[in-house]
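Structure first, commentary second.
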Protein chains: 2
Amino acid sequence: MQKNIKDAGHGAIAAEQEASQGLAAKMLRGDLFAEKCPSRDVLKHVTSRWGVLVLVALLGGTHRFSQLRRKINGISERMLAQTLQWLEADGFVLRKSYPVVPPHVEYSLTPSGTEVGLQVQGLADWIEGNLPSILAAQRRIDANAARGA
Amino acid sequence: MQKNIKDAGHGAIAAEQEASQGLAAKMLRGDLFAEKCPSRDVLKHVTSRWGVLVLVALLGGTHRFSQLRRKINGISERMLAQTLQWLEADGFVLRKSYPVVPPHVEYSLTPSGTEVGLQVQGLADWIEGNLPSILAAQRRIDANAARGA
DNA sequence: CAGAATCCGATTTGATACTG
DNA sequence: CAGTATCAAATCGGATTCTG
């Protein structure tokens, strides 16, 4: 493999698809299985450790920074800020800053953000709802593994 | 913060919920907003860098190790093995090993795995389908930021 | 309050080489 | 083919400190 993948900016999908499917410049959809497709970055932000939680939290409505921090138990200021910036840069989160004496900033989902939010909420809900059976399966499996797979 | 969070095993949800909602030992559902809830680990595996791709790939049917490796462009052997083990331990992936001369191993989704798979596929599809507009939004946003938000 | 900046340990990830 | 072992690099992520 070459080392110069650095130049593969956003035009990557086009190049990638052109190579694999012969499509022209007008790209219609991303391909997560393609190594250099920008969609991978978006997926990375959304599915980052805190991305899912932030999106689900914001589905509940506009929140302030410390509101989110309290709601998402265990997140640090650094990671919350970072995650919000990623999601904002992708156009999923809208940041509104009010120039008042004690700073006041509100975060909400854009229409686009609401759509991804709903997708990840589906996943989050499924996991929360099926946790008991997942834990049971985990126990069955490594009880089995312990005895020699 | 204490350092001994190590002891917080799987009983964490019960303790967590008991503390916040007064529930008894019989846990009915996980809570991703709770710091020590095991559901966070499951989410971590599923949304890990390659977890989503592996699940979506397996929705397409049974695959062998190297089939997956070829399909999921850019994944290393190490990470594919690791990811498959996580998903297997959570009961999402079924590993069948045939004791033949050139080793032959097949991976498929369990019923439970198919369900999570469909959830993540929803997300994956949305991202792939909306990539163009996401990229456009990204450009608008940092063009704006460049000029001074 | 809402962050930015810095320090630094813990994880993750990837090449590479080796094995049943 | 289907991995495991090992090492080095990159990144993640938290605690702390500082600012408007």
Side-chain angles (χ1 to χ4, degrees), chain A residues 1-3 5-6 35-36 40-41 43-54 57-58 62-89 93-108 145 148-149, chain B residues 1-6 35-36 40-41 43-54 58 62-89 93-108 145 148-149:
Chain A
M1 287 278 138
Q2 307 93 300
K3 229 49 183 149
I5 311 187
K6 241 55 229 272
E35 187 169 2
K36 297 163 304 184
R40 288 235 176 136
D41 295 324
L43 182 69
K44 192 170 185 174
H45 300 157
V46 172
T47 65
S48 66
R49 173 156 191 198
W50 304 108
V52 174
L53 285 311
V54 168
L58 288 179
T62 298
H63 283 66
R64 295 184 59 178
F65 190 83
S66 19
Q67 261 185 307
L68 284 172
R69 189 148 158 42
R70 274 188 299 276
K71 186 163 189 173
I72 305 173
N73 230 284
I75 193 172
S76 67
E77 294 181 358
R78 188 184 191 283
M79 283 302 108
L80 178 55
Q82 173 80 260
T83 304
L84 285 169
Q85 284 168 8
W86 283 335
L87 298 177
E88 189 193 357
V93 162
L94 183 65
R95 187 199 129 125
K96 293 191 63 178
S97 171
Y98 300 91
V100 291
V101 177
H104 184 104
V105 182
E106 292 180 349
Y107 293 93
S108 57
Chain B
M1 290 281 137
Q2 307 93 301
K3 228 51 181 149
N4 51 325
I5 312 188
K6 241 54 227 269
E35 188 170 1
K36 297 162 305 184
R40 287 233 177 137
D41 294 325
L43 183 69
K44 191 171 184 173
H45 300 156
V46 171
T47 65
S48 67
R49 174 155 191 198
W50 305 108
V52 173
L53 285 310
V54 168
L58 289 179
T62 297
H63 284 66
R64 297 184 58 176
F65 190 85
S66 20
Q67 260 185 307
L68 284 172
R69 188 147 158 44
R70 274 189 298 275
K71 187 163 188 174
I72 304 173
N73 231 286
I75 194 172
S76 66
E77 295 182 356
R78 188 182 192 286
M79 282 303 107
L80 178 54
Q82 173 81 267
T83 304
L84 285 169
Q85 284 167 9
W86 284 335
L87 297 177
E88 189 194 356
V93 162
L94 184 65
R95 186 200 129 117
K96 293 190 65 178
S97 172
Y98 299 90
V100 292
V101 177
H104 184 104
V105 182
E106 291 181 348
Y107 293 93
S108 57

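When reading the values below, keep in mind they use all heavy atoms of this one structure, side chains included, and skip hydrogens, waters and symmetry mates.
Look at Arg49(A) and you won't find any side-chain N or O under 4.0 angstrom from OP1 or OP2 of dT12(C). Regarding contacts with the backbone of dG14(C), a side-chain N or O of Trp50(B) is found under 4.0 angstrom from either OP1 or OP2.
Between Lys71(A) and His63(A) the shortest side-chain heavy-atom distance falls below 4.5 Å. Side-chain atoms of Thr62(B) and Leu94(B), non-hydrogen and from C-beta on, never get closer than 4.5 Å to each other. Contact check for Leu58(A) versus Leu87(A): no side-chain heavy atoms found under the 4.5 Å cut-off.
Rounded to the nearest 0.5 Å, atoms OH (Tyr107(B)) and CD (Gln67(B)) are 12.0 Å apart. Note that the CG atom of Leu43(A) and the CG atom of Leu53(B) stand 6.5 Å from one another [nearest 0.5 Å]. Rounding to the nearest 0.5 Å gives a distance of 9.5 Å between CZ of Arg95(A) and CZ of Phe65(A).
The nearest whole Å value for the distance from the CD1 atom in Ile72(A) to the P atom in dG14(D) is 12 Å. The interatomic distance linking Asp41(B) (CG) with dT11(C) (C1') rounds to 14 Å, in whole Å. To the nearest angstrom, C1' of dG14(D) lies 15 Å from CG of Asn73(A). If you measure from atom CZ of Arg40(B) to atom P of dC12(D), you get 18 Å, rounded to the nearest angstrom. Atom-to-atom, NZ of Lys44(A) to C1' of dG13(D) comes out at 14 Å; the value is rounded to the nearest Å. Put simply, CD1 on Ile75(A) is 11 Å from C1' on dG14(D), counting in whole angstrom units. Rounding to whole angstrom units, CG of residue Leu68(A) and P of dC1(C) are separated by 14 Å. Per the geometry, CE belonging to Met79(B) stands 17 Å off P belonging to dA9(D), to the nearest Å.
The side chain of Pro102(B) sits closest to dC1(D) out of dC1(D), dC12(D), dT13(C).
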Taking distance alone, no hydrogens or angles, what donor-acceptor pairs closer than 3.5 Å link side-chain atoms of residues 74-82 of chain B to residues at least two apart or in another chain?
unit_1	atom_1	unit_2	atom_2	d
Ser76(B)	OG	Met79(B)	N	3.2
Gln82(B)	OE1	Trp86(B)	NE1	3.3

Legend entry - Where protein sits on nucleotides 2-8 of chain D, one letter per nucleotide: B base, S sugar-phosphate only, - none, heavy atoms under 4.0 Å: SBB-B--
